[in-house]
2 protein chains.
Amino acid sequence: MTSPADLARPDLDAARTAYEQLKDLGMKLDLTRGKPSAQQLDLASELLTLPAGEYRAADGTDTRNYGGLQGLKELREIFAPFLQVPVEQLVAFGNGSLELMHDTLVHAMLSPLPGGERRWVDEERVVFLCPVPGYDRHFSVCERLGIEMVTVPMTDDGPDMEVVEQLVVSDPAIKGIWCVPKYSNPTGVVYSDEVVRRLATMPTAAGDFRIMWDNAYTVHHLTETEHEIADLLALATEAGNADRVFVFGSTSKITLAGAGVAFFGASQRNLEWWLALTAKRTIGPDKVNHLRHAEFLGSPDGVRAHMAKHREILAPKFAAVERILSEELSGIEGVSWTRPEGGYFVTLTVPPGIASATVALAKEAGVVLTPAGATHPYGRDPDDAVIRLAPSFPVLDEVEKATRGVATCVKLAIARQGA
Amino acid sequence: MTSPADLARPDLDAARTAYEQLKDLGMKLDLTRGKPSAQQLDLASELLTLPAGEYRAADGTDTRNYGGLQGLKELREIFAPFLQVPVEQLVAFGNGSLELMHDTLVHAMLSPLPGGERRWVDEERVVFLCPVPGYDRHFSVCERLGIEMVTVPMTDDGPDMEVVEQLVVSDPAIKGIWCVPKYSNPTGVVYSDEVVRRLATMPTAAGDFRIMWDNAYTVHHLTETEHEIADLLALATEAGNADRVFVFGSTSKITLAGAGVAFFGASQRNLEWWLALTAKRTIGPDKVNHLRHAEFLGSPDGVRAHMAKHREILAPKFAAVERILSEELSGIEGVSWTRPEGGYFVTLTVPPGIASATVALAKEAGVVLTPAGATHPYGRDPDDAVIRLAPSFPVLDEVEKATRGVATCVKLAIARQGA
């Protein structure tokens, strides 16, 4: 008997032959991490000679010396509009927002948050909601700190708010939710205004509930449409929930991935809590690097102009992935993929039980993919169906070859399963 | 009746007159923090134009991108001899060693250390020994983390080891000790080989006891004598206690105070523990800044040559303090001060109950001093007798004026007490 699904299943022999040919190419390609390419880093090469002897901030501060816990104001002014945080509530800090997210949760583990009754280490359970597919490094921070993770499905508009609202109102152990609100990692989803509004206003059982608003891709557009999201901090403040918002961002994918500047923004009360704890930890961030960045980027328009150059490099790579996946995988039952308009990832969904096999086949053929399951807490995708593709780092030709290789592996994995 | 002590007590009227004259000068001087001066920072002005377009590490790594958790090898090679840590066991990280000390203790709060049975947050008490006078920021890290502090007297050779040995062997709650082994903050004491050997070999009740070896001033000599200390990590390793040593250092007072590089070193087992936890926190340190520093300093000899320039600037300031304190305070009962051969501080000891009054008088006259008590845990110097002077930041003329001002205040405070 031939079912309609069988019609859309690749032929095993053909898939095997294609896969053997792929292996014969002896490729060594990597689609794992959302790293900018050398060409993108070259866009910021001027940073390697800045601040060119200059060391005074606009207010006269000698950036070379100690101090200045909140970071250079002129740099915060450039990023405040993109992160939707008033400049006086924004901190510019070290070279990575992951550190800021980790350390902020560490502070919460060891000191009661505004609105909280006790340190999180003194709670019986601390639970975070994790929209899936999501970002593996968010999950590993939770795992490291002993924060339990509960998954929430992603929709095309953001996390499924019916589920979120029901959970947070009923369980005071739920202390937070991870969100990448624009061009989400890895789905590319842009949160709708309605989702942002509901996040800002929903009742929560925990007095110290926090939204980890990782706005990592706020200016990382892949099309001419510069998607905007609603202003979570403003909406939450309006609703009397100002303290539930922690905003994070960085220049890691704007200037230099390893030598950029990260940002933290929050309500005045949160900020005071955060600065008081951070003051015990450090005498201040690298303000010379802040100055370097302020000089290089200049203004919000400077950032926009710079990101347009990134788009010129990135958009063809994403277009290549889209084109090749369409050529190779269109019409195959259970296979779909995202067409992100920003950010760093394409999510490839395959039939249940196929993702790990695809990743293993690709590895054998010299194409390294993010481990299947990495998009889910504890590395466990219950459907084994999600593969994250990161086309930013390899050159265009390699992206094309790697994507075609992945498609070949998907087809073989499906054909094998059906065999 | 006139006692010998009275003979050595300043005359109240003369002291009052001198103090009024001091106030009339309307000075605004600051001897509070161990900050390098602008002139010292200028010594590293080349850093503001480096790495000058270069971005490859010696091994070909693109320093601009993510990764490289342990930091650039060529920079670690330069500092390994000064920190007495094998290069493969040394980490180069962010812009401050205080962060590294804080974060390492945070890791211990939240994950069992090698040799430990449980996380420190799960211990009933965690106690650190604090040789006094000591560094206020060490104490505030403990206070922030809920680590109890027990003081140990400093001798001219380091902490009083009779006391240390007796305490650590008898109480398993004692998990650590703070040490600034060379040109100690604020006493300038250089730990004797015997003290280092006893720290390395002493039995401890806690299996996860740690020595926080803050070697902040390892190359910060004020004389031609480059004092050496015994190699704690090597001695501890030899004695089977490799895991008890955490070494810290930084270039904060070598290159740029706010934009330098900090280091962490430890046994292989500690290092694995540390890197595994740090990998959850960050994708890597700012390797461009590492490269910048490696290029600028070049080699251990480059560091030595650079520090000789610092000495040329700093030694006259310390000499001025010594000269003026001698002129003004010699022979006054209960008053003494240190003559450090390196580091950043002079410790001025005044008769019991006089330190706070002196600091308050100085403030009123426009000379800001570190708060009395700051050299002790919880800001409480039980004798109220220790004042920390930091002559590095002001220019020489200001150091002279401020020191004379402090002497005037000491004399008035003593004369008042006797009145």
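Letters go in sequence order (proteins before strands), and every chain restarts at 1.
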**Student:** Heavy-atom distances under 4.5 Å only: say whether A:Asp122 touches chain B with side chain, backbone, both or neither.
**Tutor:** neither

**Student:** If you count heavy-atom pairs within less than 4.5 Å of chain A, which of B:Val288, B:Leu105, B:Val121, B:Asp103 leads?
**Tutor:**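 Option with the greatest count: B:Asp103.
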
**Student:** Non-hydrogen atoms of chain B under 4.5 Å away: do they reach the side chain of A:Glu54, the backbone, both or neither?
**Tutor:**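 Answer is backbone: N, CA, C or O of A:Glu54 sit under 4.5 Å from chain B.
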
**Student:** Among the options B:Gly67, B:Ala259, B:Ala276, pick out the one with the most heavy-atom pairs lying under 4.5 Å from chain A.
**Tutor:**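 Highest number of pairs under 4.5 Å: B:Ala259.
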
**Student:** Determine whether more than 12 heavy atoms belonging to other residues, nucleotides or ligands lie under 6.0 Å from atom CD of A:Gln39.
**Tutor:** no

**Student:** B:Asp42 and A:Arg64: which non-hydrogen atoms are nearest, and at how many Å?
**Tutor:** OD1-NH1, 2.8 Å

**Student:** Could you go through B:Asn289 and A:Asn289, starting from their C-alpha distance and side-chain angles, then the distance that decides it, and tell me whether this counts as side chain to side chain contact (heavy atoms under 4.5 Å, CB included)?
**Tutor:** CA-CA 9 Å; B:Asn289 206 33; A:Asn289 205 33; over 6 Å; no

**Student:** Need one label for A:Arg292: side chain, backbone, both or neither, based on atoms under 4.5 Å from any heavy atom in chain B.
**Tutor:** side chain

**Student:** Under a 4.5 Å heavy-atom cut-off, does chain B meet the side chain of A:Ile283, its backbone, both or neither?
**Tutor:** both

**Student:** Against chain B, label A:Ser111 side chain, backbone, both or neither, depending on which of its atoms sit under 4.5 Å from a heavy atom there.
**Tutor:** both

**Student:** Tell me, for A:Ala279 versus chain B, whether the close heavy atoms (under 4.5 Å) come from the side chain, the backbone, both or neither.
**Tutor:** backbone

**Student:** Among B:Asn65, B:Asp286, B:Leu98, single out the residue with the greatest number of heavy-atom pairs under 4.5 Å to chain A.
**Tutor:** B:Asn65

**Student:** Counting heavy-atom pairs closer than 4.5 Å to chain A, which one of B:Ala44, B:Ser37, B:Pro51 comes out on top?
**Tutor:** B:Pro51

**Student:** Counting heavy-atom pairs under 4.5 Å to chain B, which of A:Thr278, A:Thr282, A:Val141 comes out on top?
**Tutor:** A:Thr282

**Student:** Which atom pair, heavy atoms only, marks the closest approach of B:Pro36 to A:Tyr66?
**Tutor:**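 It is CD-CE1, 3.9 Å.
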
**Student:** Please give me the minimum heavy-atom distance between B:Lys280 and A:His102, naming the atom from each residue.
**Tutor:** O-CD2, 4.1 Å

**Student:** Kindly compute the distance separating CG (B:Leu48) from OG1 (A:Thr63), expressed to the nearest 0.5 Å.
**Tutor:** 7.0 Å

**Student:** Search all heavy atoms of B:Asn95 against all heavy atoms of A:Pro285 and return the closest pair with its distance.
**Tutor:**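 That closest heavy-atom pairing would be ND2-C, 3.4 Å.
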
**Student:** Applying the side-chain contact (heavy atoms from CB on, under 4.5 Å) criterion to A:Arg281, which one of B:Met101, B:Glu99, B:Arg137, B:Arg144 satisfies it?
**Tutor:** B:Glu99

**Student:** What are the two closest non-hydrogen atoms of A:Thr49 and B:Ala52, and how far apart are they?
**Tutor:**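 Between these two residues, the closest heavy atoms are CG2-CA, 3.8 Å.
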
**Student:** Taking A:Ser252, A:Gly68, A:Gly94, A:Ser97 one by one, which has the highest count of heavy-atom pairs under 4.5 Å against chain B?
**Tutor:**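 The candidate making the most pairs under 4.5 Å is A:Ser252.
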
**Student:** Which one wins on heavy-atom pair count under 4.5 Å against chain A: B:Gly96, B:Gly53, B:Ser45, B:Gly146?
**Tutor:** B:Gly53

**Student:** OH/B:Tyr55 to CG/A:Leu256 distance, rounded to the nearest 0.5 angstrom?
**Tutor:**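 One finds 11.0 Å between OH of B:Tyr55 and CG of A:Leu256.
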
**Student:** Side chain, backbone, both or neither: which part of A:His107 has an atom under 4.5 Å from a heavy atom of chain B?
**Tutor:** both

**Student:** Heavy-atom distance under 4.5 Å to chain B: side chain of A:Asp62, backbone, both or neither?
**Tutor:**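 Contact with chain B: side chain only.
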
**Student:** Would you mind telling me which of A:Glu143, A:Arg119, A:Lys35, A:Gln40 has the largest number of heavy-atom pairs within less than 4.5 Å of chain B?
**Tutor:**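 It is A:Lys35.
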
**Student:** Counting C-beta onward and ignoring hydrogens, is there a side-chain heavy-atom pair between A:Val106 and B:Met109 closer than 4.5 Å?
**Tutor:**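 A:Val106 does not reach B:Met109 side chain to side chain.
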
